[in-house]
S.K.: 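Pasting in a structure now, in structure tokens, and then I'll have a few things to ask.
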There are 2 protein chains.
Amino acid sequence: MKTAAVPADDQIDISTQSIRDSIRDAIVDRRLAPGTKLSEADVGALFNVSRTLVRAALQALAYEGLVNVEKNRGAFVAYPSPEEARQIFATRRLIEPGILREAAKHMGPSHLQHLRQLLMEEGRLMAERGQTARRAEIKASGDFHLMLASMTRNAVMQRFMDELVARSSLVIALYGQSAISSCGHQEHHDIVTAIENGDLDRACHLMIHHIDHIEADLDMRENKGSDLREAFGL
Amino acid sequence: MKTAAVPADDQIDISTQSIRDSIRDAIVDRRLAPGTKLSEADVGALFNVSRTLVRAALQALAYEGLVNVEKNRGAFVAYPSPEEARQIFATRRLIEPGILREAAKHMGPSHLQHLRQLLMEEGRLMAERGQTARRAEIKASGDFHLMLASMTRNAVMQRFMDELVARSSLVIALYGQSAISSCGHQEHHDIVTAIENGDLDRACHLMIHHIDHIEADLDMRENKGSDLREAFGL
DNA sequence: GTGCAAACAATCGTATACAATTTGATCATA
DNA sequence: TATGATCAAATTGTATACGATTGTTTGCAC
């Protein structure tokens with residue numbers, strides 16, 4: 001019985017969407033370790049719903065790439081291979097500069113204000129100690145990219161970025177080494193500054209380097225943690 | 001009914017995936033008109049499966065943006081609004097040049113051969129008459145972009161393009177006016193030529209213009225066909 | 001004839017039941 | 001003891017059953 005603790009309590013009227021979000025958050029926040037089995041019955045018991053709803057949630061998460069469902073075996077928190085990780089970051093490098101430019105088109109002073117505010121919060125969390133603050137910091141770091149995506153006013157791009165950021169979190173959870181984001185945080189600030197100055201070329205340049213840095217901080221040698229699975233090409 | 005029926009007809013082992021693909025193809029091929037209701041019971045009867053599997057398929061399609069599920073009302077073939085259409089093409093403009101460059105990295109003579117071959121087939125279908133040939137032509141047109149995506153060797157990008165091309169087909173089905181693709185076909189050829197010549201800048205340029213042309217051919221005034229739905233902001 | 005309300009029908013939302021498959025354990029045998 | 005076959009327990013795959021919601025029709029009052 002290795003299923004993780006998720007806010008259980010006596011919740012009623014929890015629908016598929018809520019379950020999906022709860023599991024999603026738990027995965028992205030690293031409360032659920034990659035590879036963890038998500039038994040339909042167990043999860044259902046936690047949320048006091050039937051397997052039907054759990055199944056729907058797990059299938060949706062599988063589509064997002066956050067869980068793998070193996071036929072007749074069950075659903076597991078995704079365990080991205082180094083190759084998958086590479087593809088995820090390659091995709092981000094490809095689309096985030098475009099998102100930046102698109103977002104800048106619609107950006108007014110209030111939007112810049114919001115971005116700065118988010119970065120302040122991020123910085124505040126970095127100063128704190130503790131697992132909780134650390135998770136919140138990582139989340140805030142991703143939220144910066146998501147906020148930029150939301151400023152494109154393009155729902156499609158937003159959804160793509162949602163998926164990319166979520167999967168990136170998983171990858172970082174698996175292969176990240178340093179306390180990193182210290183530099184990442186500064187890079188966020190620099191990007192906003194470049195936008196403020198109207199220097200979009202520079203902003204894009206910084207964004208690409210930022211993504212490069214995140215990826216460079218990963219140690220993607222196989223057998224990290226308790227892997228063994230990808231090690232044999234499965 | 002139900003009398004120990006031998007695995008009826010040719011249909012055995014139809015799983016969620018097959019149903020999803022069948023419906024997907026039908027939508028993209030315009031055999032299912034936008035707005036058509038997809039009753040769980042009806043679809044299930046067609047495929048001789050229970051509502052459970054149909055539901056799963058419809059939910060997956062909803063995630064792809066090909067059907068809308070309205071709570072307690074059912075699933076309908078998506079009816080993209082002009083705004084959605086705009087967002088879809090904006091996203092394509094944003095990522096397809098990048099895909100082009102990425103694909104070019106891995107492209108050898110055999111790949112170019114494949115692309116040319118696909119274009120030949122596309123051209124052949126354009127010459128023919130009839131609804132079937134017309135559908136095949138539109139499909140082939142989309143396949144060109146999908147083949148480029150597959151050459152990136154990046155599963156994430158591939159999936160994004162899958163979704164974008166499918167939804168584009170839907171939009172074109174709704175708002176397309178001219179017999180179009182005549183010029184689109186030539187543009188495909190030009191793009192391949194540019195790649196062959198190693199002139200990626202030109203290829204990207206052509207790609208963006210190609211997408212512009214597709215979008216420009218749409219007549220997205222509301223009330224197209226039997227709409228009335230979006231006309232009231234629903 | 002019009003307008004509203006209540007019953008009816010159809011469809012979806014969720015839970016449960018049963019079948020199929022996998023997994024792990026037990027036991028026989030060399 | 002090591003190996004392999006057979007069986008039992010657990011878990012997923014699919015179907016069905018029942019309750020809830022929505023849309024339509026009917027009937028009554030005005």
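Basis for what follows: all heavy atoms, side chains included, without hydrogens, waters or symmetry-related copies. Per chain, numbering begins at 1; letters A, B, ... match sequence-line order.
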S.K.: When you compare the protein's N or O atoms with those of nucleotides 15-22 of chain C, which come within less than 3.5 Å of each other, and at what distance?
M.R.:
unit_1	atom_1	unit_2	atom_2	d
C:dA15	OP2	A:S50	N	3.0
C:dA15	OP2	A:S50	OG	2.8
C:dA15	N7	A:T52	OG1	2.9
C:dT16	O4	A:T52	OG1	3.4

S.K.: Do NZ/NE/NH1/NH2 and the carboxylate oxygens of B:R31 and B:D25 come within less than 4.0 Å?
M.R.: no

S.K.: Taking all non-hydrogen atoms of both residues into account, name the closest pair between A:R221 and A:Y175 and its distance.
M.R.: O-CE2, 4.5 Å

S.K.: Can you tell me the distance, in whole Å, between the CG atom of A:L38 and the C1' atom of D:dT12?
M.R.: 14 Å

S.K.: Is it the case that atom NE2 in B:H114 sees more than 12 heavy atoms from other parts of the structure closer than 6.0 Å?
M.R.: no

S.K.: Just the rounded figure in Å: distance from C1' of D:dT11 to CD of A:E70.
M.R.: 13 Å

S.K.: Using a strict 4.0 Å threshold on nitrogen-to-oxygen distance, state whether A:E84 and A:R167 make a salt bridge.
M.R.: yes

S.K.: To the nearest Å, give me how far apart CZ (B:R55) and P (D:dT16) are.
M.R.: 16 Å

S.K.: Can you tell me the distance, in whole Å, between the CD atom of B:Q17 and the C1' atom of D:dG13?
M.R.: 15 Å

S.K.: Verify whether one side chain among A:Q87 and A:E83 offers a donor that lies under 3.5 Å from an acceptor in the other.
M.R.: yes

S.K.: Whether A:R20 and A:E64 form a salt bridge (side-chain N of Lys/Arg under 4.0 Å from carboxylate O of Asp/Glu) is what I want to check.
M.R.: yes

